[in-house]
Visitor: 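Submitted below is the structure of interest, expressed as structure tokens.
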2 protein chains.
Amino acid sequence: MCELLGMSANVPTDICFSFSGLMQRGGKTGPHSDGWGITFYEGKGCRTFRDPKPSCESKVAQLVKDYPIKSQAVISHIRQANRGGVALENTHPFTRECWGKNWTYAHNGQLTDYHGLATGFYTPIGETDSELAFCWILQEVSKQFPIKPDDMKPVFRFIASLCDQLRALGVFNLLLSDGDFVFAYCTNNLHHIIREAPFGHAQLIDENIEINFENETSDSDVVAIIATQPLTDNEVWHKMKPGEYCVFCRGEIMLTNT
Amino acid sequence: MCELLGMSANVPTDICFSFSGLMQRGGKTGPHSDGWGITFYEGKGCRTFRDPKPSCESKVAQLVKDYPIKSQAVISHIRQANRGGVALENTHPFTRECWGKNWTYAHNGQLTDYHGLATGFYTPIGETDSELAFCWILQEVSKQFPIKPDDMKPVFRFIASLCDQLRALGVFNLLLSDGDFVFAYCTNNLHHIIREAPFGHAQLIDENIEINFENETSDSDVVAIIATQPLTDNEVWHKMKPGEYCVFCRGEIMLTNT
């Protein structure tokens with residue numbers, strides 16, 4: 001399968017610490033060696049670094065690890081290919097425009113009988129079940145909401161109902177963002193943690209790195225991290241249930257079904 | 001204004017040499033300090049590195065300069081902002097999907113009275129005249145050709161006719177690619193050169209770097225470089241005329257109006 005990593009924060013925050021842990025799983029402490037990618041939102045823009053090479057030996061991953069790009073919404077993915085070969089066009093995250101916003105998507109899992117999903121105007125570029133499901137979601141969303149509503153809660157409830165349909169086709173763990181919101185949907189493996197004052201120490205599981213968040217943050221910072229598996233071994237992560245979804249906005253949960 | 005750089009090659013080729021020259025113009029030998037970007041096609045996929053910082057001091061530009069990503073189609077841009085502030089969402093190249101292919105676009109120039117251009121399904125994310133014109137072009141193309149034709153010549157002739165309309169609104173120098181073709185359209189400043197055997201030495205204008213292409217290539221390589229201004233001072237570059245367009249495919253010109 002693959003691993004997902006997402007962040008939502010109330011101030012521009014770098015994800016170097018969490019990304020350092022994740023990239024070790026791309027061929028070193030984990031088997032996810034078929035590429036990796038990360039999307040940072042900065043204002044209305046976003047930029048994606050992607051590589052079909054294993055993250056543990058990627059020069060681009062090294063840059064992302066060392067260069068603190070500050071963002072309020074991040075989505076990352078390391079890949080163990082099942083549907084679709086090892087190639088850039090099959091490497092997550094995928095990005096498409098809807099309502100004049102960049103939507104970014106990364107999927108962990110595998111679907112069957114997905115070829116009937118109609119994608120309308122959004123045509124997949126690669127061969128993955130994941131990108132096809134993304135195109136289907138955006139197509140359904142833009143059909144249901146031709147214009148972006150001011151209140152995004154109905155949109156995310158609708159997206160969650162689409163995820164329920166995809167979960168019936170297999171394993172569908174999802175991170176999705178439009179830059180303001182980070183939506184997380186769980187089939188079987190997704191955890192999150194919200195860090196806020198008083199901040200403490202955290203120790204990565206996958207690399208011998210410890211951080212004292214107190215030195216890196218101010219008292220009003222709120223940072224949510226979402227990951228397939230916990231990245232630290234001395235903090236309490238919330239394990240999401242099958243069918244559970246959470247919508248994070250500026251580090252806080254603004255909508256959930258639990 | 002801005003500067004454009006494009007490449008089309010018959011074998012995967014790195015653009016480190018030309019990019020080294022261009023990035024000096026981003027705040028050092030040139031005034032284009034409001035961001036830069038580069039898109040590399042690799043198979044059906046592409047990846048874009050972008051930064052709203054000046055290219056001459058960007059860590060990401062340094063990586064691109066040092067890390068030879070091999071590609072058969074590249075589009076790059078350094079920006080001197082006129083329409084739209086200095087921000088990631090206003091930084092070229094822009095990419096959108098059409099017919100299940102990534103289309104990448106970079107514009108040099110400035111348009112007036114462009115707000116009437118209807119963009120249909122493609123909604124601009126940032127505030128530039130450039131991105132709006134890109135959305136308009138893709139909208140018109142997908143209206144005229146709902147399905148990708150096997151013969152792309154009529155598509156590029158149609159795109160050239162759209163460029164003629166945009167040229168009536170101001171300065172419109174364009175690089176556009178779908179990964180297979182690199183389309184170049186000139187209003188006032190665009191040059192190209194096709195390098196093939198026998199290869200010789202080239203000397204960058206903007207940095208003290210010389211290269212002997214004979215050592216870097218094989219006899220069957222064909223590489224076309226398109227740039228706002230020549231990047232080398234000991235080679236003959238073709239200066240394009242107002243209204244001239246060229247479509248490059250695998251390093252060779254497959255369509256032009258001259």
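All chains are named by letter (A, B, ...) in the order of the sequence lines, taking the proteins before the strands, and each is independently numbered beginning at 1.
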Visitor: Can you name the nearest heavy-atom pair linking Glu42(B) to Glu89(A), along with the distance?
Guide: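 Distance-wise, the nearest heavy atoms are O-OE1, 3.9 Å.
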
Visitor: What residues of residues 131-143 of chain B sit under 4.5 Å from chain A when you count only heavy atoms?
Guide: none

Visitor: Could you give the side-chain donor-acceptor pairs of residues 112-120 of chain B under 3.5 Å, partners two or more places apart or in another chain?
Guide:
residue	atom	partner	partner atom	Å
Thr112(B)	OG1	Leu169(B)	O	3.2
Thr119(B)	OG1	Tyr122(B)	O	2.9

Visitor: I'd like to check the side-chain hydrogen bond (donor to acceptor under 3.5 Å, both in side chains) partners of Arg25(B); sequence neighbours left out, ordered by chain and number.
Guide: Glu3(B), Asp206(B)

Visitor: Looking only at heavy atoms, which of residues 94-104 of chain A get nearer than 4.5 Å to chain B?
Guide: Arg96(A), Glu97(A), Trp99(A), Gly100(A), Lys101(A), Asn102(A)

Visitor: At a 4.5 Å cut-off on heavy atoms, which part of Ile125(A) comes close to chain B: side chain, backbone, both, or neither?
Guide: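 Interface part for Ile125(A): both.
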
Visitor: Given heavy-atom pairs under 4.5 angstrom as the criterion, report whether the side chain, backbone, both or neither of Phe121(A) touches chain B.
Guide: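 The answer is both parts of Phe121(A).
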
Visitor: Among Val60(B), Asn90(B), Val64(B), Thr91(B), which residue has the highest count of heavy-atom pairs closer than 4.5 Å to chain A?
Guide: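 Ranked by heavy-atom pairs under 4.5 Å with chain A, first place is Val60(B).
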
Visitor: Which of the residues Pro124(B), Pro52(B), Cys46(B) is involved in the greatest number of heavy-atom pairs with chain A at under 4.5 angstrom?
Guide: Cys46(B)

Visitor: Return yes when atom CG of Asp151(A) has more than 12 non-hydrogen atoms of other residues, nucleotides or ligands closer than 6.0 Å, and no otherwise.
Guide: yes

Visitor: Is a salt bridge present between Asp51(A) and Arg47(B), judged by a nitrogen-to-oxygen distance below 4.0 Å?
Guide: yes

